[in-house]
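Here the structure comes first, spelled out in structure tokens, and everything after it is commentary.
All values reported here derive from a predicted model rather than from experimental measurement.
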Amino acid sequence: MCCRFYLDEPTFHSAVNQLNLAGSDLVTVTKRDIYPSETAPVIIGDPGRGMEDLMIVNQVWGFPSPNEKGLLINARSETVQEKPT
């Protein structure tokens, strides 16, 4: 796994237009390859409200690792009961 994703301006604007996302005027796509620890556009919303009130914000990709060694960017479902994450 390379632990990055690709996002370009046309794809970003297409998602914003199709989902009618609030906050898109505050978010810009400055890089195409986005790696862990970098800021990236994220779609958020209230789970109880469905597709209404979705918005897009800039957030840092990754969670602090429980052992404080880097960032956690994925987890295994097989060990969900045993591990703190």
Item to complete: Starting from the C-alpha separation in whole Å, work towards a yes-or-no answer on side chain to side chain donor-acceptor pair (under 3.5 Å) for Ser14 and Asn17.
Response: CA-CA 5 Å; Ser14 177; Asn17 291 336; over 6 Å; no

Worksheet item: Among pairs that include at least one residue of residues 55-80, which meet ring pair (Phe, Tyr, Trp, His ring centres under 6.0 Å), considering only residues two or more places apart or in two chains?
Response: Phe5-Trp61

Worksheet item: Who else is in the cluster with Val57 when I, L, V, M, F, W and Y are joined by side-chain contacts under 4.5 Å?
Response: Val42, Ile44, Met55

Item to complete: Quick one: list whatever passes side-chain contact (heavy atoms from CB on, under 4.5 Å) with Ser77, sequence neighbours left out.
Response: none

Worksheet item: Say you draw a straight line from CG of Leu26 to CG of Asn58; how long is it, rounded to the nearest 0.5 Å?
Response: 8.5 Å

Worksheet item: Once you round to the nearest 0.5 Å, how far does NZ of Lys83 lie from CD of Glu78?
Response: 10.0 Å

Discussion item. Could you work out, with side-chain contact (heavy atoms from CB on, under 4.5 Å) as the rule, every residue matching Ser37, not counting sequence neighbours?
Written reply: Leu71

Response to the item:
Hits for salt bridge (Lys or Arg N to Asp or Glu O under 4.0 Å) against Glu9, two or more places apart or cross-chain, chain-then-number order -> none

Practice prompt. Identify the two heavy atoms, one from Val27 and one from Ile56, that lie closest to each other, and give their separation to 0.1 Å.
Written response: CG2-O, 3.7 Å

Worksheet item: Any idea which heavy atoms bring Cys3 and Pro36 closest together, and the distance?
Response: O-CD, 2.8 Å

Discussion item. Could you report the tightest heavy-atom contact between Leu21 and Ala15, atom names first, then the distance?
Written reply: CD1-O, 4.0 Å

Worksheet, complete the sentence: Nearest heavy-atom contact between Pro41 and Ile34 is CD-CD1, 4.5 Å

Worksheet item: Other hydrophobic cluster members with Tyr6, side-chain heavy atoms of Ile/Leu/Val/Met/Phe/Trp/Tyr under 4.5 Å, chained?
Response: none

Discussion item. So which atom in Leu19 and which in Ile43 form the shortest heavy-atom distance, rounded to 0.1 Å?
Written reply: CD1-CD1, 3.7 Å

